[in-house]
Amino acid sequence: MSKYLRFRRRNRPGWGTSARMRIKGMTQAVRPSFVRRLEQMRQQRKLRLKAAIAGAVLIGFAALGWLLV
């Protein structure tokens, strides 16, 4: 093996690193559709929670205003 090939092999990404470090390259892979759906469901759940809280606050202000009038 030539000196150049040994250098390239030794210095390529992922060489001599832990398995956890090598797996970081998997983020560039195509993600399965179910992962996208799970993230969408999580985002919808967060939006529903925020909408429910905002609605409760508005109803509370409306009730307070009704009591004061």
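Positions are given from 1 along the sequence. Predicted model, so just to flag it, every value in this text is computed and none were measured.
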Inset, instruction - Any chance you could pull the hydrophobic cluster mates of Leu67, using side-chain heavy atoms under 4.5 angstrom and chaining through other members? - result: Trp66

Inset, instruction - Kindly give the cluster partners of Leu68, where membership spreads through any ILVMFWY side chain lying under 4.5 Å from a current member. - result: Leu64

Going by atom type alone, with no hydrogens or angles, which donor-acceptor pairs under 3.5 Å involve a side-chain atom of residues 38-48 and a protein atom two or more places apart or on another chain?
unit_1: Glu39; atom_1: OE1; unit_2: Arg31; atom_2: NH2; d: 2.7
unit_1: Glu39; atom_1: OE2; unit_2: Arg31; atom_2: NH2; d: 2.7

